[in-house]
Amino acid sequence: RMKESLKSVGLAVFIALIFRFSVASPYKIPSGSMIPTLKIGDFIFVSKLSYGLKMPFTNYNLIDFSPPQKGEVVVFVSPEDESLDFIKRVVGTAGDEIELKKDILFVNGIEMGRIKKEDRSILYDLEPAMLRDIGQLYEENLNNIKHDVLEISPSPQDFGPITVPEGSLFAMGDNRDNSRDSRIWGFVPLKNVRGRALFVWLSLDSSNPLYRFSQSIVIPRIRWHRFGRKII
């Protein structure tokens, strides 16, 4: 019986690992580069089947499906450090010309429209607190995917134009002034893409905790309102 039980446990663990590496994986958001779409302490599910069928325990696609599209949020292996995973928004695919003019995104010479948002409640728990006051919140329309972006710097930024090569993506964080992305380290190889971010399944706020024992030890507050939030 003990032997059968161990076999059952081993099989269950193996199936769970296959699911994690080939179907879907949980990820924790460690930085603020995707604020306001994703916040520090968000736990998300990432679909490994969105762009291909992966060989278990690797990032190699046995079968390729449709590649990532502009506007989608993806997790990928960092082009700078293969031990790290990044999460950013795809703003350009192969052949696209990307340019920023005074913080406005242009793709193939076409302005990606955006409007200033008056409802700033999504910024309420940002740290440091000054970001809630100085940050400008916009709704950007990228490839018919409407999503929020945050601008912090009072000085508008220019970038490009630059053309995305074959087999690559151009990715940026929604926190446009506080994101290390393709503007700095270049293009994302398609082979580095792990999957598409789907939804938030847990969100813990350590900046505004329920209780603080010390500077580094806290009982985080649960952001109940973010449970099940679709990532767009």
Side-chain angles (χ1 to χ4, degrees), residues 27-44 46 68 70-81 83-92 98-107 112-142 145-160 162 169-188 192 197 200 203-209 215-216 218 220-221 223 226 229 231-232:
Y27 283 86
K28 179 185 177 182
I29 303 302
S31 73
S33 71
M34 282 296 291
I35 291 172
T37 303
L38 294 169
K39 298 189 176 185
I40 297 173
D42 279 351
F43 290 77
I44 66 172
V46 173
K70 287 186 287 291
E72 296 177 350
V73 178
V74 300
V75 171
F76 54 90
V77 178
S78 165
E80 289 186 307
D81 183 348
S83 68
L84 299 176
D85 285 344
F86 283 171
I87 181 166
K88 307 289 180 186
R89 189 177 299 277
V90 177
V91 300
I98 307 299
E99 185 174 12
L100 287 173
K101 299 179 182 178
K102 296 183 178 180
D103 289 336
I104 306 295
L105 176 64
F106 288 76
V107 180
M112 299 296 102
R114 70 178 190 176
I115 58 174
K116 188 174 181 179
K117 298 188 68 172
E118 300 302 326
D119 181 3
R120 299 165 55 81
S121 58
I122 197 170
L123 304 179
Y124 82 94
D125 59 355
L126 290 188
E127 294 292 342
M130 68 175 184
L131 296 182
R132 308 171 207 170
D133 301 320
I134 67 174
Q136 296 296 323
L137 192 62
Y138 298 91
E139 181 185 80
E140 184 177 79
N141 188 342
L142 175 59
I145 295 179
K146 296 180 179 180
H147 60 98
D148 293 339
V149 296
L150 179 65
E151 300 281 1
I152 299 172
S153 172
S155 302
Q157 304 293 314
D158 294 329
F159 176 87
I162 190 170
L169 304 170
F170 193 95
M172 291 171 56
D174 289 346
N175 189 350
R176 292 286 167 80
D177 293 321
N178 189 23
S179 173
R180 187 174 180 83
D181 52 37
S182 287
R183 291 170 291 178
I184 297 173
W185 38 249
F187 305 105
V188 180
N192 284 31
V200 177
S203 186
L204 302 179
D205 184 0
S206 296
S207 297
N208 303 282
Q215 189 62 31
S216 58
V218 302
R221 188 181 303 275
R223 301 186 184 105
R226 294 189 63 78
R229 180 183 289 264
I231 299 171
I232 56 174

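This structure is a prediction, so every number in the text was calculated from the model and none was measured.
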J.: Counting only N and O atoms by type, is there a donor-acceptor contact under 3.5 Å from the side chain of Q157 to the main-chain atoms of S155?
T.: yes
J.: Any chance you could measure F106, atom CZ, to L100, atom CG, to the nearest 0.5 Å?
T.: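 The CG atom of L100 is 9.5 Å from CZ of F106, to the nearest 0.5 Å.
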J.: If we only count heavy atoms from C-beta on, is the V107 to L142 side-chain gap below 4.5 Å?
T.: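 Yes, at least one pair of side-chain atoms sits under 4.5 Å.
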J.: Considering all heavy atoms of both residues, which atom of R226 and which atom of S203 are nearest to each other, and what is their separation?
T.: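 Closest approach of R226 to S203, heavy atoms only: CD-OG, 3.6 Å.
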J.: Roughly how far apart are L204 CG and K39 NZ, rounded to 0.5 Å?
T.: 13.5 Å
J.: For residues F187 and S182, report the shortest heavy-atom separation together with the two atoms involved.
T.: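 Result for this residue pair: CA-OG, 4.2 Å.
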J.: I need the I40 CD1 to S31 OG distance, nearest 0.5 Å.
T.: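 Those atoms lie 6.5 Å apart.
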J.: Can you tell me how far the CG atom of L150 sits from the CD atom of Q136, to the nearest 0.5 Å?
T.: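 Output value for this atom pair is 8.5 Å.
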J.: Find the distance between CD (E139) and CG (D148) and round it off to the nearest 0.5 Å.
T.: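 It comes to 6.5 Å.
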J.: What distance do S153 atom OG and N178 atom CG have between them, rounded to the nearest 0.5 Å?
T.: 11.0 Å
J.: Using a strict threshold of under 4.0 Å (side-chain N to carboxylate O), is an ion pair present between D42 and R223?
T.: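 Counted as a salt bridge, because a side-chain N and a carboxylate O are separated by less than 4.0 Å.
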J.: Does K88 qualify as a cation-pi partner of F76, given the criterion of NZ or CZ under 6.0 Å from the six-membered ring centre and within 45 degrees of its axis?
T.: no
J.: For the pair N141 (side chain) and G113 (backbone), establish whether a donor and an acceptor sit closer than 3.5 Å, ignoring hydrogens and angles.
T.: no
J.: Which atom names give the shortest non-hydrogen contact between A197 and V46, and what distance separates them?
T.: CA-CG2, 4.2 Å
J.: Answer yes when E140 and R176 have at least one side-chain N-carboxylate O distance shorter than 4.0 Å, and no when they do not.
T.: yes
J.: Could you walk me through whether R114 and D103 pass side chain to side chain contact (heavy atoms under 4.5 Å, CB included), step by step?
T.: CA-CA 11 Å; R114 70 178 190 176; D103 289 336; 3.8 Å; yes
J.: Which heavy atom in I184 sits nearest to a heavy atom in S179, and how many Å separate them?
T.: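 Minimum heavy-atom contact is CD1-O, 4.1 Å.
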J.: Say whether, by atom type as modelled, one donor and one acceptor occur between the side chain of D174 and the main chain of T37 under 3.5 angstrom.
T.: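 It does not hold such a pair.
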J.: Run the numbers on L84 and V77 for side chain to side chain contact (heavy atoms under 4.5 Å, CB included), then give the verdict.
T.: CA-CA 6 Å; L84 299 176; V77 178; over 6 Å; no
J.: D181 side chain to M172 main-chain N or O, any donor-acceptor pair under 3.5 Å?
T.: no
J.: Do side-chain atoms of R89 reach the backbone of I232 as a donor and acceptor pair under 3.5 angstrom?
T.: yes
J.: What closest approach, in Å, do P79 and V188 show between heavy atoms, and which atom pair accounts for it?
T.: CG-CA, 4.4 Å
J.: Run the numbers on E99 and I162 for side chain to side chain contact (heavy atoms under 4.5 Å, CB included), then give the verdict.
T.: CA-CA 7 Å; E99 185 174 12; I162 190 170; over 6 Å; no
J.: For residues M112 and I104, determine if any side-chain heavy atom of one lies less than 4.5 Å from a side-chain heavy atom of the other.
T.: no
J.: Pair I87, Y27 - check side chain to side chain contact (heavy atoms under 4.5 Å, CB included), show working.
T.: CA-CA 10 Å; I87 181 166; Y27 283 86; over 6 Å; no
J.: Okay, side chain of R229, backbone of V200: is any donor-acceptor separation there less than 3.5 Å?
T.: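 Checked: no pair found.
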J.: May I ask you to establish whether R183 and F159 are in a cation-pi arrangement, using a distance under 6.0 Å from NZ or CZ to the six-membered ring centre and at most 45° from the ring axis?
T.: no
J.: On a heavy-atom basis, which atom in E151 and which in Y138 lie closest, and how many Å separate them?
T.: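 That would be CG-CE1, 3.7 Å.
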